[in-house]
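Remarks on the structure that follows.
As a basis for the values below, the full set of heavy atoms in this structure was taken, side chains included, without hydrogen atoms, waters or symmetry mates. Order of the sequence lines sets the chain letters (A, B, ...), proteins ahead of strands, with each chain counted from 1.
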Amino acid sequence: MAATLHAPNFDLEATLNSGQAFHWEPQADGSFAGCIADRLVALRQRRDEVLVTPTEGLETARCYLRLDENHDAVLRSFPAEDSVLAAAVAYCPGLRILRQPLWECLATFLTSSMKQVAHIRQMSLRLRRELGEPLRLGDIKAGAFPSPAAMASAGEQRLRELGLGYRAVFVHRAAARLASGEARLEDGEALDDAELLEFLLRFDGVGEKIANCVRLFAFGRLSAFPVDVWIERVLRERYFGGDEVPRKELTSFLVHHFGDYGGYAQQYLFHHARTSKGKSRSRP
DNA sequence: GTCCAGGAGAGGC
DNA sequence: GCCTCTCATGGA
């Protein structure tokens with residue numbers, strides 16, 4: 001029934017619930033059910049293994065969970081003298097960056113602006129339920145993430161009704177551009193990191209933050225470093241003594257300090273800040 | 001009831 | 001270039 005993935009130093013629950021993907025649903029048996037592209041799978045962690053149901057989903061899951069990478073090399077790349085990052089890694093060393101489908105990632109993060117993780121999740125599940133291809137796995141039902149064509153033909157008004165608010169226009173425009181063939185996200189694969197950033201910024205509603213989320217979580221550009229309100233707070237408080245930091249100075253610091261796997265560092269810092277008890281939420 | 005969120009774009013200066 | 005304002009919604 002289930003196939004097994006070797007997954008040392010891996011934390012399935014943290015990875016699926018760390019604000020990268022928003023649709024994994026916990027099951028009574030401790031597994032998580034959700035779609036990877038158009039395949040509905042159930043994933044369950046057992047010590048150093050991840051059990052994948054059905055077995056045909058094995059390679060899909062391996063790729064999605066990035067279990068084909070050398071994670072130790074990522075951890076070794078981090079600046080040794082950085083105690084803030086070290087604490088975040090120690091808090092949840094098994095956290096991984098996912099390798100998500102391109103459109104799903106772009107569309108989901110277009111809905112993310114000025115939204116809390118819980119609400120992005122609600123929108124994602126609703127879009128899947130209302131507009132996605134219905135899938136079944138035993139008793140489990142779920143919807144695939146709706147295609148650009150499905151989103152385009154649903155129309156902006158329908159997307160608004162599904163709770164997207166002012167974000168509906170951006171999602172709809174992107175869906176229409178992709179459905180018509182005017183733009184192809186796969187073309188981004190061949191671009192270098194800087195070119196890919198420019199490519200993504202051409203979508204209306206995509207700024208530097210969302211572009212970096214898509215570069216990191218979908219295109220696997222592991223140096224991409226999304227700066228949201230959480231990360232900005234962590235950086236200001238823990239790396240800049242609480243002072244306001246000009247955006248340009250911040251960007252320069254990120255590139256030089258965190259290095260080739262800055263995106264991973266960012267995810268550890270984000271997850272730690274957002275979920276740990278000692279989370280910093282000081283405000284003026 | 002109030003606060004705030006994995007932002008971006010437009011307009012004013 | 002850097003502010004400030006607006007957009008929309010519901011979980012915490």
Side-chain angles (χ1 to χ4, degrees), chain A residues 14-25 88 92 95-98 100 104-127 129-130 156-174 177 197-219 221-238 243-252 254 258 262-277 279-284:
Chain A
T15 298
L16 297 181
N17 288 321
S18 60
Q20 305 179 59
F22 303 87
H23 64 290
W24 290 92
E25 305 200 71
C92 185
L95 182 64
R96 302 294 175 98
I97 299 292
L98 295 170
Q100 299 186 55
E104 176 180 324
C105 186
L106 173 62
T108 303
F109 278 97
L110 274 171
T111 71
S112 75
S113 87
M114 295 301 289
K115 280 293 183 188
Q116 299 178 24
V117 168
H119 194 217
I120 300 167
R121 175 181 173 80
Q122 180 181 302
M123 287 187 287
S124 174
L125 291 173
R126 196 165 174 190
L127 285 170
R129 191 168 60 239
E130 300 289 333
E156 182 194 330
Q157 188 53 38
R158 176 79 173 123
L159 296 178
R160 276 186 173 265
E161 289 164 8
L162 293 176
L164 271 60
Y166 66 87
R167 305 155 193 82
V169 61
F170 299 137
V171 175
H172 186 254
R173 281 181 195 163
R177 280 186 63 190
L197 178 61
E198 293 304 313
F199 173 75
L200 292 169
L201 289 174
R202 285 201 286 274
F203 286 91
D204 206 7
V206 175
E208 203 162 324
K209 181 333 185 132
I210 292 177
N212 278 328
C213 285
V214 178
R215 285 204 299 171
L216 178 60
F217 301 137
F219 285 94
R221 307 302 172 97
L222 298 180
S223 66
F225 198 117
V227 178
D228 72 328
V229 293
W230 285 96
I231 286 292
E232 188 164 5
R233 193 155 52 217
V234 170
L235 294 173
R236 189 178 67 243
E237 291 179 357
R238 307 299 302 276
D243 299 330
E244 289 297 326
V245 191
R247 174 59 57 135
K248 203 171 173 182
E249 190 179 329
L250 198 60
T251 306
S252 169
L254 297 177
F258 293 108
Y264 253 108
Q266 173 275 150
Q267 195 62 15
Y268 280 113
L269 292 170
F270 175 79
H271 184 65
H272 183 230
R274 208 176 65 81
T275 63
S276 71
K277 282 187 178 172
K279 61 186 178 184
S280 168
R281 298 211 53 172
S282 65
R283 35 197 65 271

Check the distance between [N]'s [atom2] and [X]'s [atom1] and give it to me in whole angstrom.
X         : N       : atom1 : atom2 : result
Trp230(A) : dA12(C) : CH2   : C1'   : 11 Å
Arg274(A) : dG11(C) : CZ    : P     : 15 Å
Asn212(A) : dG7(B)  : CG    : P     : 13 Å
Tyr166(A) : dA10(B) : OH    : C1'   : 14 Å
Met114(A) : dC7(C)  : CE    : P     : 13 Å
Lys115(A) : dG10(C) : NZ    : P     : 6 Å

Could you check whether [X] gets within reach of a base, just the sugar-phosphate, or nothing at all, counting any heavy atom under 4.0 Å?
X         : value
Gly205(A) : sugar-phosphate
Glu232(A) : nothing
Phe225(A) : nothing
Val227(A) : nothing
Leu164(A) : nothing
Ser18(A)  : base

Margin query: Check this one for me: any side-chain N or O of Arg160(A) less than 4.0 Å away from OP1 or OP2 of dA8(C)?
Written below: yes
Minimum-distance nucleotide to [X] side chain [options: [options]]:
X         : options                 : value
Gln122(A) : dG7(B), dG11(C), dA8(C) : dG11(C)
Gln116(A) : dG9(B), dC4(B), dC7(C)  : dC4(B)
Arg233(A) : dA5(B), dG7(B), dA8(C)  : dA5(B)
Ala118(A) : dG7(B), dT9(C), dA12(C) : dA12(C)

Note to self: Can you confirm if the aromatic rings of Phe109(A) and Phe170(A) lie within a centre distance of less than 6.0 Å?
What the structure shows: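 Centroid distance Phe170(A)-Phe109(A): not below 6.0 Å, so no.
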